[in-house]
Amino acid sequence: MAIDFTGLPKTELHIHLEGAIPVESVFTLVRKYGRLSEAPDIEAVRRRYEFDDFAHFLESYRWTVSFLQSPDDYEYVAYEVAGTLARQNVWFTEIMVGLGSGVMDVGHDSADIVRAAWRGLKAAEVQFGIRARLQVATGRQHGVEFAQERLRDIEPLLGEVDICAFNVAGAEHTHPLPQYRGLFERARAMGLRTTMHAGEVSGPGDVYDALDMGAERIGHGIKSALDPQLMAELVRRDIALEVCPVSNEATGAITRLADHPLPRLLRAGVPVTLSSDDPAMFHTSVAREYEVAHEVLGVDCPTLVRIAREGFKRGFMDEPLRAALLARFDAQARAWCAARDVQYPA
Ligand code: ADE
Ligand code: ZN
């Protein structure tokens, strides 16, 4: 029987603002900027989000960012994205704002767009009750110096905006992670937490590098499943992978969703959370990721409830908030299970 995971309380710890903008909102921006020749209707926006490979995905990503022409657009889309999450019973989220092509191609000031996204999230918190933090990200293809400049740009915002982490995403093969060691050390010294994309498209070596650089969580990290010793190391260090199954098939990081390594990671005891990465661009949602894990990958419901709980344990939030959310989770998830004859995990 198909189970709808919308009502299960969840977190969303790996989501890119630009890739999460609902297609209807992208189309609003298409109209606002008079670019109907590029996408005459919402269906045409959806068609832009079919990819041949990872490079093609990054190209479409850049196209979407080209519609975020003013800080107000960032505020608007942050509000819409957080609202979409809240409607799926996401109680806590960390939303990544990319400072790559927004800064390089569009010419934004980093601080302006981060502040604007934060305004959108605060408004969403008032309206929908969702608790949101920001992560700031650059792509590996932009190089280390660019990332360092962006980290400097956001430093003055730290008392004003709740930025929990600096992340590095993008094309893994372009710059080896160890080049970013100094950047993450600096970010930690500024009080930021450490998660980074690693082992999404490239191999297990990238995940070893992330561990060596003090990652507290790892974005994707799915190539760890190729290396039993690495999985054992993730267990030993208690480092969670932010797993995004639908994304991995859409970008070509894996060839077939049914062969996704999530079950192998779970069997090895690797801590995982479930996320949607770029839900609008991958035609998914965080609730759907749970559904896919259940229906396509055969992960049972008690395990999925445990994964949802794991998100609250791993989120970069203060301890009083974590305790409050976990207590609420336990009550509501128990009721959710009881209504579906699902055993509540011990
Ligand atoms: N930026 C947005 N989505 C990404 C992904 N799945 N991998 C790397 N960089 C990204
Ligand atoms: Zn990502």
Side-chain angles (χ1 to χ4, degrees), residues 11-21 26 48-66 68 77-78 81 85 93-105 117 133-143 146-147 150 164-177 180 194-203 206-207 209-210 215 217-224 240-254 257 260-262 272-286 289 311 314 316:
T11 60
E12 171 50 286
L13 305 181
H14 188 124
I15 183 166
H16 299 260
L17 176 66
E18 304 81 359
I21 308 167
V26 173
R48 285 256 173 191
Y49 294 163
E50 304 292 341
F51 318 110
D52 301 330
D53 54 25
F54 196 79
H56 187 199
F57 156 67
L58 288 179
E59 198 182 299
S60 303
Y61 202 86
R62 217 164 147 190
W63 178 78
T64 306
V65 173
S66 77
L68 301 173
V77 299
V81 169
L85 293 174
T93 185
E94 297 168 19
I95 298 184
M96 265 175 271
V97 178
L99 298 180
S101 59
V103 170
M104 221 148 44
D105 304 339
R133 306 281 180 269
L134 278 176
Q135 290 190 17
V136 171
T138 60
R140 270 205 232 178
Q141 67 275 19
H142 302 126
F146 181 84
R150 302 297 70 80
C164 62
F166 195 96
N167 203 317
V168 175
E172 287 170 347
H173 60 280
T174 60
H175 291 80
L177 262 187
Y180 292 84
T194 309
T195 180
M196 57 192 87
H197 288 62
E200 175 188 18
V201 179
S202 60
D206 209 39
V207 179
D209 285 341
R217 298 193 320 240
I218 292 173
H220 298 286
I222 52 167
K223 297 296 158 76
S224 309
L241 304 183
E242 303 152 7
V243 177
C244 314
V246 173
S247 158
N248 296 148
E249 188 192 41
T251 62
I254 59 165
L257 192 54
H260 194 279
L262 175 63
V272 302
T273 60
L274 265 180
S275 275
S276 59
D277 205 11
D278 299 286
M281 296 185 75
F282 301 144
H283 318 282
T284 187
S285 67
V286 62
E289 299 291 332
R314 305 281 170 174
F316 295 148

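Counting starts at 1 for both ligands and their atoms, following the listed order. None of these values were measured; they are calculated from a predicted model.
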Inset, instruction - Just do the side chain to side chain contact (heavy atoms under 4.5 Å, CB included) check on Tyr49 and Thr64 with the steps written out, would you? - result: CA-CA 10 Å; Tyr49 294 163; Thr64 306; 2.9 Å; yes
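Looking only at protein heavy atoms, the nearest one to atom 1 (N) of ligand 1 is His16 CE1, 3.4 Å. Scanning the protein for heavy atoms near atom 8 (C) of ligand 1, the closest one is Gly170 N, 3.2 Å. Nearest protein heavy-atom contact of atom 7 (N) of ligand 1 is Glu200 OE1, 2.8 Å.
Near Tyr61, the atoms of ligand 1 lying under 4.0 angstrom from a non-hydrogen atom of the residue are 2 (C). Taking every non-hydrogen atom of Phe54 and a distance limit under 4.0 Å, the qualifying atoms of ligand 1 come out as 7 (N), 8 (C). When each atom of ligand 1 is checked for a heavy atom of His197 under 4.0 Å away, the hits are 7 (N), 8 (C).
Note: an N/O pair closer than 3.5 Å links Asp277 and ligand 1 by distance alone.
The residue from His220, His173, Glu172, Arg140 that alone fulfils the side-chain hydrogen bond (donor to acceptor under 3.5 Å, both in side chains) condition with Ser202 is Glu172. Tested against Ile254, the residues Ser247, Pro261, Pro245 include a single side-chain contact (heavy atoms from CB on, under 4.5 Å) partner, Pro261. Of the candidates Gln135, Glu94, His16, Gln135 is the only one forming a side-chain hydrogen bond (donor to acceptor under 3.5 Å, both in side chains) with Asn167.
Nearest heavy-atom pair, Ser285 versus Ser276, reported as atom, atom and distance to 0.1 Å: C-CB, 3.9 Å.
In summary, the aromatic rings of His14 and His197 are positioned with their centroids under 6.0 Å apart.
In this structure, Arg217 contributes its side chain and Ala240 its backbone to no donor-acceptor pair below 3.5 Å.
Using a 4.0 angstrom heavy-atom cutoff, His220 counts as in contact with ligand 1. Distances from ligand 1 to the non-hydrogen atoms of Asp278 include at least one value under 4.0 Å.
In this structure, a donor-acceptor pair under 3.5 Å is present between the side chains of Ser275 and Glu12.
Ion pair Lys223/Asp206 not flagged as a salt bridge, since none of the NZ, NE, NH1 or NH2 atoms sits closer than 4.0 Å to an Asp/Glu carboxylate oxygen.
For the Zn ion (ligand 2), protein N, O or S atoms under 2.8 Å: 4 in total.
Taking the six-membered ring where tryptophan is involved, the planes of Phe146 and His142 are tilted, since the angle between them lies from 30° to 60°.
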